[in-house]
Every structure is written in structure tokens, then in C-alpha cells.
Amino acid sequence: MMLIARHAHTKEYMDANLARLNDEYVCPGCGESVCLKKGKIKIAHYAHKILANCDASSEGESALHLQGKLALFQYFSKKYKVT
């Protein structure tokens, strides 16, 4: 599950929770287009539009592990103004 992507136009890193459904995003690892999946059942995340062989995608991480990664991203983004 990919929690962070880059905005296709501004190149800014974007947390899936804060992303807008009508914007365009790309994978920070391979640069391919991703779509935002934001609903009421699963946590917000991105997925490759075309199945890609990308090393940046996570490999079956637990929900707790994903929450930890997201918390670290949010903390350091605020501390260092990540763009």
C-alpha cells in the first residue's frame, strides 16, 4: 500500500489522507501514474494505474507498520518542510 505520492504538476510529496481525488499523482519511486483510493473502509492510499514492477511499493506491511511510516512522514514533513 502506497501512502505517499508526488503531485504530477507541483512535484510536492502528498500524503494520501490530504490528497484530492481529482488531482494527478505519480509514484515517487518509478514516476508512473498512480490513482488515489480514498474511501470509508480502507485507509487512503495510492495504487499504480498500470501494474508496474516498482520497488517503491510496499510488500504486505501490517496496518500498524503503515501507520508508523505515515506518522514519520508527517512528523518530518512538518519539521523540515518536505516538498
Side-chain angles (χ1 to χ4, degrees):
M1 204 175 282
M2 188 184 319
L3 303 177
I4 307 299
R6 290 193 94 135
H7 191 280
H9 304 292
T10 67
K11 305 300 182 202
E12 178 181 11
Y13 285 102
M14 184 61 62
D15 174 343
N17 289 309
L18 304 175
R20 296 188 308 203
L21 288 169
N22 58 346
D23 283 353
E24 295 178 28
Y25 302 96
V26 297
C27 174
C30 68
E32 293 294 324
S33 293
V34 295
C35 60
L36 175 62
K37 297 189 174 210
K38 197 172 188 180
K40 295 183 185 205
I41 297 174
K42 292 186 178 183
I43 62 171
H45 65 282
Y46 300 95
H48 284 92
K49 288 184 178 180
I50 299 172
L51 192 56
N53 187 14
C54 176
D55 293 334
S57 297
S58 65
E59 298 177 6
E61 296 160 331
S62 71
L64 184 59
H65 186 91
L66 290 168
Q67 288 173 333
K69 286 171 64 174
L70 182 57
L72 286 170
F73 173 79
Q74 291 169 340
Y75 172 78
F76 286 108
S77 291
K78 288 177 187 170
K79 185 170 178 82
Y80 297 105
K81 307 269 187 209
V82 173
T83 57

**Request:** Using the test side-chain hydrogen bond (donor to acceptor under 3.5 Å, both in side chains), find all partners of Gln74 that sit at least two apart in sequence or belong to another chain.
**Result:** Asp15
**Message:** Restricting to non-hydrogen atoms, name the atom on Pro28 and the atom on Ala5 that form the minimum distance, rounded to 0.1 Å.
**Reply:** CD-CA, 3.9 Å
**Request:** Check the pair Arg6 / Lys11 against side-chain contact (heavy atoms from CB on, under 4.5 Å), numbers first and verdict last.
**Result:** CA-CA 5 Å; Arg6 290 193 94 135; Lys11 305 300 182 202; 4.1 Å; yes
**Request:** Nearest 0.5 Å please: distance from the CG atom of Leu72 over to the CD1 atom of Ile4.
**Result:** 10.5 Å
**Request:** Could you tell me which residues satisfy ring pair (Phe, Tyr, Trp, His ring centres under 6.0 Å) with Tyr25, sequence neighbours excluded, listed by chain and number?
**Result:** His7, Tyr46
For residues 29-37, run the donor-acceptor check on the side chains, cut-off 3.5 Å, and write out each pair with its distance to 0.1 Å, sequence neighbours left out.
none

**Message:** Let me check something: do Tyr13 and Val26 share a hydrophobic cluster, defined by ILVMFWY side-chain heavy atoms less than 4.5 Å apart, either directly or through other members?
**Reply:** no
**Fill in**
Asp23 meets the salt bridge (charged side-chain N to carboxylate O under 4.0 Å, His left out) criterion, sequence neighbours left out, with Arg20
**Inter-residue atom distance Lys38.NZ - Leu18.CG, 0.5 Å rounding** = 6.5 Å
